Every structure is written in C-alpha cells, then in structure tokens.
Amino acid sequence: MDGDLLHGLNGAQCDAVTSQAAVLQVLAPPGSGKTKTLTARVAYLIAHQQLKPWNIIVCTFTVKAASEMKERITGFVGAEVAKQLKLGTFHSISLRYLKQYGQHIGLDKDFGIADSSDSKAIVKRIIKQHDLTIDAGQARNRISTQKAKGIDSEQFLSSAKKIEQQEFATVYREYEATLKASNLLDYDDLLLRCGFLLRKHPQCVSNVEALLIDEFQDTNNIQYDLMALFAQRQNVITIVGDPDQSIYGFRCAEIKNLSRMKQQWPDTFTINLEENYRSSGAILNAAQRIIEQDESRPPKSLQATHSPGMRPILRKLPSATGEARWLVSEVQRIQAMTGGLLQPGDFAVLLRSAALSRTIESALNKAEVPYRMIGGTRFYDRAEVKLIIDYLRVINNPANSEAVERIVNVPARRVGEGTVKSLHEEARSEGVSLWSLVLDTVQGRCKPKTKVTDATHKGLAVFVNVILTCQRKVLDSKTEPIALVDLMNTVLKKLCFEAYLKKKYAEEYEARWANIEELIAQATEASDPERLRAMLQEDALPAIDGLEQRTASSTEDMLSMFLASTALAASSEEKPEEEGRKVQQLTISTIHAAKGLEWPVVFIPACYDGSLPHSRADDNDEERRLLYVGMTRAQALLYLSCPIKNTQREETTLSTFLIQPGVTGFFEEHGPSITLHGVTGLATTLRRDCPQKATIDEAKRKIERDEDSYWPLNGEEPVEEVAKWDHGKGSGMLPAFGTTRPAAGFTSAAVTMQQGFSTASATIKPEFISANARFEELREQAQLKKVDHRVQQTNNKLDGKPKGGKRQIEGQGSIAGFFAKRSKPEQVLEAHERDAVAFSSVRPLQEVRNLPAESRPKMAEPRIMDFTKHKPRNAPLHGKPNTVTHHMHKADNRYVFLDSSPPQAETDENQTSDTVPTSDVVEVETSQTKVRPASTFHTTTVQTAAPQRKTYGVRRSMNGWSNRGGKTR
DNA sequence: TTCCCGACCCTTTTT
DNA sequence: GGGTCGGGAA
C-alpha cells in the first residue's frame, strides 16, 4: 500500500503525505504537485491512520477543484470509499449541514439560494425605491464584504456616521429583510449560518476526525472560522496553499490566515514543496521574474525540473481583432509544425475578464477551431436556461419576487416593465409577495392600485395558470413522486417554449434549444430514483446521537435539491462527452477559473494596463499574482500578447508588469520557429510519441506560413495581400520579423527551440545594451530597410505585371508542388531561404519559396542611411520595431528606461519626423474583412463527436456577427 | 399611454 | 448579456 501511495512522490511530498503533525501547512508553488500531495494524504489517513472516510472533510474553493480532487482520490482508494468522504466546496458542505440541521437554528426547510442575479436585482430595487445614488453592483459587493467580515446590518448601522454610510446601511438592512421575506440565503449566508449552527451545536461536527483544505490562501475570515469549527473536536487539519497564488482578495481572502493559523495552533508544522514539475525552465524563469517584482514578498525558491525549452513570447499586435487572428494562426501553425503532436485540447487562452473572449471566439469560429469556455457565463445563467430554472424556482418558492419579476412577462404577455415594477413596489409596501398580489389580482380578490389594462390582466392570468398547474403537479405527486423531468416538460409545453425560442432567436434557435435539451437531460438524471438515492446517501452527514436530522424524500425536496445544485454549480461547461477518445477542444478561460489547471500551450492576450492589471482592481499586487498564475499554467509554450489599440480603439500601454526593466529579456518577440529537433524535444517534455517527419511535412502544406511572420513586430497593421503585390502603390512596407532583422537576428530567433532543448540553460538576452551597440543596431536596421526598398524595385522590374490578392493566395496553395520539384538539398535551401527572408520586404517565406529561382530576391548593395537624421514616419525603425510606443515609462516620478531603447530614440522622433524621404512613407489601403453569415458560427464543438446529448458550445449570440450578417436588414 | 423590438453601447475576478 | 434609446404598433 505504501508503495502505491507514495509512488512517484519526492521527499518533501512524502513528508507531507505521511506527516504525523496534527496541524500541517503545505506550501506548494505552481506545478509542485499540490493536489497529488493532498489526495495522497487523504488516502494515507484512511489507510494508515484508520480514519473513516465519512469522518473526513475535504474543502475546496471551486466545484471544478472538488470534482478533480474526487477523481484523484478515487484513483487511490476506489470509488466506494471516495464517495463516503465529505468532499466539496465550502459552500456545498455548508449547505449540507444547513439542510440537515438547519431547523436547530430556526431555518425553514425549503430555503432557496439567492444567486447573483437575485441579489443584484434586490439591491437595485432598494436603491431605486429610496432614490439613492450609490451604484448597485458596488453596494452588492460591499454587502458581501461586510458579511465576510462578520458585520451584520444592525452593527453597520450603529457605527455608520457619514450620510453615505447610512445610505448603504439602509440598503444592507432592507436587503437582509428582503432575503428573509423571500426565504432565501445568499452565498455568504450559507457560510455564516453554517458557522452559527456549528457554534451553537458543536455536536453536529463531533464525528469529524480530519479536515483538509485546498488553496488555503484564498480563505476569508468566515471560511477560516468554519475551518476551526469543522475541526473543533480533534483539531486535525491539513492545508495546502501558496501565497503567490492568492487571487481572491476581492472576496476578502486573507493571506494572513496562514500566520493566523500558526498562532492559533502553535504546533503547526510547515512543509515547503519547491520543485516544479509542470513548466519549462524558460517559462518558470519569466514567471519568477514577474512575481519577484513584489518586494513585500518573501524570497522563495522554485526549482525547475524540466529543461529550459522555448522562451515565452511577448507579442505586439495592432488591435484586439488582429490579436485574435494572430492567436488563431499561431494555434494552427504550432499544430501543423509539430505534426499533430499538439491538438486543440493542448491549447488554452487565459483572460483577465470573460468579456474579452468575444473577439477570440469569433476568430476561432471563423477558423473552425473547436473550443470550450470555462468561467464567464455559467450554463445555468444562459438566458434560455435561466428562464426555465426561474420558472422552477417560482413553482418551488413563489415568495421569490425577483424570480417572479424576471419571468412574469416571458414569453411576452403584454405585461410591461412599468406595470411589473409598480406591482412589485405595491406588493412590497403592502408587505406581501409579488406573487400573492398578482394571484389575488387575477382571481379577483383584490384590485391593485397599479393600473392594469385588460390585455395585461389576461397576460397575468396566463402566467398564474402556468405556475398553479405546475404547483398542482408537484403537490399531487406527494403520494406518488413524479419525476423532475416531467415537471420541466410541463413548463416547456405550457410556455410553448420551443416556438418561443424559434421566434426570438431565429437562426440561433438550434443552439439555444440544444441547451434546453441538455437541461432536460440533467433533470432526467436527477429524476432517476437510483441516482437520487445514491446522491442522498453521499450528501448525508453521519448520524449523531441525540441530534435530529432532516432527510429529503418527496418531489418537493427533489426539486429544491436540484435548484440548489444549479445555484452552486461551477461556472464552467461540462466536459465534452468522451466517446472512446477525448474530444479535442481549445480551452478559453478566465485566469481565475484556470487556477490549478495546466496546458502545453497557453496564451494570455490583452496584457495591457486597464485589462491586466485591471482598471477597477485596487490591489496591483494581486493583479501581478494573477499574471503569475496565468503564466505558470503553461507547460511548454507561453504566449503573452498586447494589442496596441484596445477594443475602443484607444492606444494601450503594455502591462506595468511587463515593462519593468529586464523583463523583455525573458521573452521572444514572435512565435518560435520549430525545427524537427524542436518537435522531438517537445515530445520528450510532454512524454508523447514524436510524429514522423512525413506527418509534419504533410501538415505544413496545409498552413499559409511556417513562421510567425505575418504580423509586424511593432504591432502595426500588416500590409494587405493586395498591397504587397501591387507595386504601383509605393514601396515602403511595414516590417514583419523576418524582414527587419538582420540575418543574424533571424538565425538566433530560429534557433531558440533547438537551443532550449539541447543546452543546459536558456540564453537570456542582456537587459540593456550600450547606446553605442544600439546605434550600430539601428544602422543595421536602416541598411536593411534600404535593401528592402531595392529588392522591391528589382522585383518590380523582374515581375512586371501587378498581381491581385486572390491570385497570390492561389500561389500559396502550391507550396507542396514547390517542395516536390525542388532540386536543392535542404540545407542549401535553408540558407537561401534565410537570405530571402532577410531581404524580401514583406513577402513571407512561403511566397518567396514559390517564386522561380531567378526572380527570388538577390543580395543588393546596402545603402547606409544616417538614422540620427532620418526616420521614416510609419516604419518605426528604432532598432527592434516594437519599442516604438513604449520608450519610456514614468513611474514613481522618475523615468524608467524601457525595452532597452536608447534615450535618443525619444528625441529623435520629435525632431526628425519632417525630414522623412517620401519613398519611405507608407500608405496602405486596408480592405475590409468579409462578414460571414452568423449561421456559420453556431456550432463550436467538433462535428465528429456526434454526442447523444447535444453539445452546447455556443455561448452567446456573437452580437457583432448576427446583427450584421444574418438578419435581413 | 404603454408596450415591443431592434440597434447600439459597455462589460473584473467567484460561490 | 444587460442597459438604454427611439421608432412603430396596440
């Protein structure tokens, strides 16, 4: 047993798993085997300390972490034992205690859970009603903060001095009153009330022998209290955490809880895990460089166990859409260049905010790359799903006036917003629920003050009928429980829901209906008596002598259980059906939701001030940790990127965390060139079989270019295909990487992957180079630019007639032909290609390859231009092109020297912009991208899966597309 | 006068 | 997806 349990663990991990300490802290940096250690310890406690699994509580913060933990523990101890563990999020475990022992603290049996939309709606209504000026969202957060601090509304009111505080106190008080009247608990209440229960009735947890907590750095004070309460009998506690990964400060997480714990239990034993098994050395170095910017942070060691690998990439792009297009092209390029070693499932896009996903999703859709979204809108929060859930909630608990308000006029029943608001207000002032006012109105028992037209009255009657019919169904089933799924079908039928969706969403209807089908499938599962029994058993807490328990049995209970589970569900889509093999999907996720996960290739787009760090964040250190968490998700390849214009077309500034001195040295400016050797190294790192060369070559033929060379490194727009070939339109071209760097630069860029895997240490660029060296570099760039110009002119002569963009694309299709016919040995060709790339102005390598040998660019005599005097306006040639927008950064009232640009670059720009030679002024006509009809975007899940349950990959309407594309006008 | 619907704006992170 | 505004229908 020991052998199995401890197999593959390192010394520190073993110590942690087998530690005899009662209170144990395991400090585990990213990729150090945190979950592995925690799960092994659970198994160890059962196997070697003879603890009963049902006496062990394991707490996580997210549902996803809970299910992963369960899976891993099952691997150790088997499903039977794993099921008996009390494992879940803090909220779900609290809910179990409240459901079973809530009556001891006067909690009604059928309390519902107020989700965020309920809470927000309540707050909003109170604010409006009192004509206050505070922001609803902020007030809602503030209530949560107060609750997390354990300050109730009365306490707050008594200490409220300022008018503003008193206003908030009013909102807080009425919010609490509304929850109580609606028989609802919000998320914070679940924890608070559970704490209250366990304090009052400690015998509820008298059976608990051990408590284990994951991601402890994210606990807030209530959760800390709960920890102490859960463990109050035996005080056996294991926590794992990492202060560097604390990213829930906004939820009042207290990193201090680590030291608080040591004070409370002075015998606390601490074990540090220090070896990283996830990321390549180069990625780890870069991430360390970022996190170390926090000077208040104690220095820590984190050892890489992998070879340095490929250096991470920091890429500049013109716009959010450009960034998305580039990202997709890199996904495709890397996939092809590795000959299928990497599949879509190996890529993840991690975002600061979920809203950023839209542009990326539409680019992925366009390229038909399958993806799934974690975080952002939860399945149960999708309009159509939420609506049905709200109907069920009202059927279960009509006192929930917020839910009534949301559904009373959906589908439209001529009950307008004004009427509903007014009725709601009237109900509130009468001290009744909205539902009972509506019911009495419809049944003629009362005549509301609010004006109700005939049409509206009719509409209300229809609504009341739906609810009453369904409630009757539930009640009638007391003797013979009906399945939840029947109830749901009744609702759908009564609403003619399918027809409603068809009308409302037109061409998007299918995806919406698929979501409903998924919901039905879930209800079917929940209705299965077998499953239900199993679930009840799993949820049940051990019987305690002399303490009465409530147990669920009827349809009513089934309904409220189902609703509770939807309220606490993960904000993620379920795993796609795995039929035989894994369905390959790229993952889009918020960084928060990605914690604890890993992928071979990770993209973090939108790395600019305002997004990361977010403009609304008040703790920059936390934002930095967020970047750190994101970066450390990557195993082999990490891309950070930044559009130089945001979605509002304003100029952006590269993230503060990335413009610190020395940071750029850890990054490449463009995606890696990938050699066969590199693929081998990658395969080794990921412990996968290396694909055959033929497979790689085959895959390469399908992509447009095999280098990340289309988007200029300085973040400007690439020259459109048409402009490239239309020689009449001026010759100055914007540089892509292969064209502005001297050949030597290109070589060094191309070599990274080989170098990374074959040598012991990654080469790190010097942080600064001397001004002199810099000047040399500038001169070299200038020469190149002139050469480019020459080459262009030569080409004009060689290749007289202009070509259209379309034809050029056709040309790209024949790369394969070129390969087949080529007569030169590969190495010679490579050298030639290098030159060609270095000297052709904009043509990507593939195009150059397509040219007949005699028209390929030739070496030309460079003409030296003095760059202290001349600078092309639109071709930013201050050395590395991407240094243009951020030469200097003002911080702490002094200027910080960035990106290793020489100071004269700044003055240069101002003084000499008028002396630009006209031939270097670029004028590019960009053609609009064609808009595809919305219908082509709908299914985002791979077609081959053919799942029984429909997939629900479509997240939302893709506004931009469906508005313009699909509709007739 | 009230309601409905399309068009257009902006969007922190989670239970 | 939510909020708001304005045109057109009831």
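Order of the sequence lines fixes the chain letters, A, B, ..., with proteins taken first and strands second; residue numbering starts at 1 for each chain. Just the heavy atoms: all of them, side chains too, but no hydrogens, waters or symmetry mates, feed the values below. Predicted model, so just to flag it, every value in this text is computed and none were measured.
Here A:His592 pairs with A:Tyr248, A:Phe250 under the ring pair (Phe, Tyr, Trp, His ring centres under 6.0 Å) rule; sequence neighbours left out. When the ring pair (Phe, Tyr, Trp, His ring centres under 6.0 Å) test is applied to A:Tyr97, the partners found at least two apart in sequence or on another chain are A:Phe230. Residues satisfying the ring pair (Phe, Tyr, Trp, His ring centres under 6.0 Å) criterion with A:Tyr628, sequence neighbours excluded, are absent altogether. By the side chain to side chain contact (heavy atoms under 4.5 Å, CB included) test, A:Thr441 is found to be paired with A:Leu437, A:Cys446, A:Pro448, A:His457, residues two or more places apart in sequence or in another chain being considered. Listed by chain and number, the residues in a side chain to side chain contact (heavy atoms under 4.5 Å, CB included) with A:Asn183 are A:Asp108, A:Phe111, A:Asn397 (sequence neighbours excluded).
If you take CZ of A:Arg378 and C1' of B:dT13, they are 15 Å apart, rounded to a whole angstrom. For the pair A:Glu384 CD and C:dG1 C1', the interatomic distance rounds to 11 Å; values are reported in whole Å. Straight-line distance from the CZ atom of A:Arg406 to the P atom of C:dG1: 14 Å, rounded to whole Å. C:dG3 atom P lies 14 Å from atom CZ of A:Arg125, rounded to whole Å. What separates CG of A:Asp186 from C1' of B:dT14 is a distance of 13 Å, to the nearest Å. The CZ atom of A:Arg625 sits 13 Å away from the C1' atom of B:dT13 (whole-angstrom rounding). Distance, A:Ile374 CD1 to B:dT14 C1': 14 Å, rounded to whole Å. Atom P of nucleotide B:dT12 and atom CG of A:Asn141 are separated by 10 Å, given to the nearest angstrom.
Separation of the P atoms belonging to C:dT4 and B:dT12 is 15 Å when rounded to the nearest angstrom.
Closest contact between the side chain of A:Thr62 and the listed nucleotides B:dT15, B:dT12, B:dC10 involves B:dT15. When the nucleotides B:dT14, B:dT15, B:dT11 are ranked by their closest atom to the side chain of A:Arg616, B:dT11 comes out on top. For A:Tyr248, the side-chain atoms get nearest to B:dT14 when compared with the rest of B:dT15, B:dT12, B:dT14. For A:Lys124, the side-chain atoms get nearest to C:dG3 when compared with the rest of C:dG1, C:dG3, B:dT12. Residue A:Ala354 places its side chain closer to B:dT13 than to any other of C:dG1, B:dT14, B:dT13. For A:Ala355, the listed nucleotide lying nearest its side chain is B:dT11; candidates were B:dT11, B:dT15, B:dT14.
Proximity of A:Arg512 to the phosphate of C:dG1: a side-chain N or O atom is located under 4.0 Å from OP1 or OP2. Dashed line: the shortest gap from a side-chain N or O of A:Thr453 to OP1 or OP2 of B:dT2 is not under 4.0 Å.
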Listing time: all N or O pairs from protein to nucleotides 3-5 of chain B that are below 3.5 Å?
unit_1, atom_1, unit_2, atom_2, d
B:dC3, OP1, A:Gly416, N, 3.3
B:dC3, OP1, A:Thr419, OG1, 2.2
B:dC4, OP1, A:Arg414, N, 2.9
B:dC4, OP2, A:Asn409, ND2, 3.3

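B:dT12 has its base stacked against the ring of A:His614, the centroids being under 5.5 angstrom apart at an interplanar angle below 30°. Centre separation under 5.5 Å together with a plane angle under 30° does not hold for the ring of A:Phe90 and the six-membered base ring of B:dT15, so they are not marked as stacked.
A:Ser401 and A:His424 get closest at one heavy-atom pair: CB-NE2, 3.5 Å. Minimum interatomic distance between A:Leu638 and A:Ile604 (heavy atoms only, all atoms of both residues): CD1-CD1, 4.3 Å.
Contacts of A:Lys386 with the nucleic acid, taken as non-hydrogen atoms under 4.0 Å apart, are absent. Counting non-hydrogen atoms under 4.0 angstrom, A:Ser615 reaches nothing in the nucleic acid.
Mapping A:Arg352 and A:Leu568 onto DNA chain B by nearest heavy atom places A:Arg352 at the nucleotide closer to the 5' end.
A donor-acceptor pair shorter than 3.5 Å cannot be found between the side chains of A:Ser153 and A:Glu176.
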